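Worksheet: one structure, shown below.
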Amino acid sequence: MSPEHSQHVAHFIGEVFGGPNVYTDVDAGSHASMVAHHVGKSLTEAQRRRWMQLLLDSADEIGLADDPEFRSALVGYLEWGSRLAVLNSNSTENPVSPEEPMPRWGWGETKGPYQPDL
């Protein structure tokens, strides 16, 4: 990962949670570009779990709010996003078109474009 990776991740997550559009406006990113970074990387479940652990440890270290409602929403998004990252990393094509908007996360709603095979 590049030295800027953690900053881009923070900007992306901040924007997803309704913060300023730093990822799209400053980093020149998009939902499709974030997904594209994972395509073909062949991430494993063990790597995903380690990533989750590092993200949650970092949230504690920087003093991010620890109230149950906020942490539930944060963990829900990180689980959703990291599991999609693993799925996308084992693809050869980006499933997100450049026109798709940035995802927006809320308080307890199930979100996302992922549709399981029926």
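It should be emphasised that the depicted structure is a prediction, and the values quoted were computed from it without experimental measurement.
Relative orientation of the Tyr77 and Trp105 rings is perpendicular, given thresholds of 30° and 60° on the angle between their planes.
Between Tyr23 and His8, the shortest heavy-atom contact is CD1-O, 3.6 Å. Residues Leu74 and Phe17 come closest through the heavy atom pair CA-CZ, 3.8 Å. In plain terms, the two heavy atoms of Ser82 and Met52 that are nearest each other are OG-SD, 3.6 Å. Annotation for Ala85 and Leu43: closest pair O-CD1, 4.0 Å, computed over non-hydrogen atoms. When all heavy atoms are compared, the tightest approach of Ile13 to Leu78 is CD1-CD2, 3.7 Å. When every heavy atom of Pro103 is checked against every heavy atom of Trp80, the shortest pair comes out as CB-CH2, 4.4 Å.
Asn88 pairs by the side chain to side chain contact (heavy atoms under 4.5 Å, CB included) definition with Val35, Leu84, Pro95, not counting sequence neighbours. Partners of Ala10 under the side chain to side chain contact (heavy atoms under 4.5 Å, CB included) rule, at least two apart in sequence or in another chain, do not exist in this structure. Shown here are the salt bridge (charged side-chain N to carboxylate O under 4.0 Å, His left out) partners of Arg83, two or more places apart in sequence or in another chain: Glu79. Checked against salt bridge (charged side-chain N to carboxylate O under 4.0 Å, His left out), Glu45 has the following partners two or more places apart in sequence or in another chain: Arg48, Arg49.
With hydrogens and angles left out, the side-chain atoms of Ser97 and Glu99 include a donor and acceptor closer than 3.5 Å.
Taken to the nearest 0.5 Å, the OG atom of Ser33 stands 8.0 Å off from the CE atom of Met102. Rounded to the nearest 0.5 angstrom, His11 NE2 and Glu4 CD are separated by 11.0 Å. Here the straight-line distance linking atom NZ of Lys41 with atom CG of Asn90 works out to 12.5 Å at 0.5 Å rounding.
Both Leu87 and Val16 sit in one connected hydrophobic cluster of ILVMFWY residues. Membership requires side-chain heavy atoms under 4.5 Å apart, directly or through other members.
Contact of the Val75 side chain with the Leu56 side chain is registered, since non-hydrogen atoms from C-beta on lie closer than 4.5 Å.
Heavy-atom contacts from other residues, nucleotides or ligands closer than 6.0 Å to CD of Gln53 number more than 12.
Residue pairs satisfying the salt bridge (Lys or Arg N to Asp or Glu O under 4.0 Å) criterion with at least one member in residues 14-35, sequence neighbours excluded, are absent. Sorted by first and then second residue, the side chain to side chain donor-acceptor pair (under 3.5 Å) pairs with a member in residues 60-72 read Asp60-Arg71; sequence neighbours excluded.
Between His5 and Trp51, the distance from one ring center to the other falls under 6.0 angstrom.
Panel note: side chain Ser58, backbone Leu54; a donor-acceptor pair is recorded below 3.5 Å.
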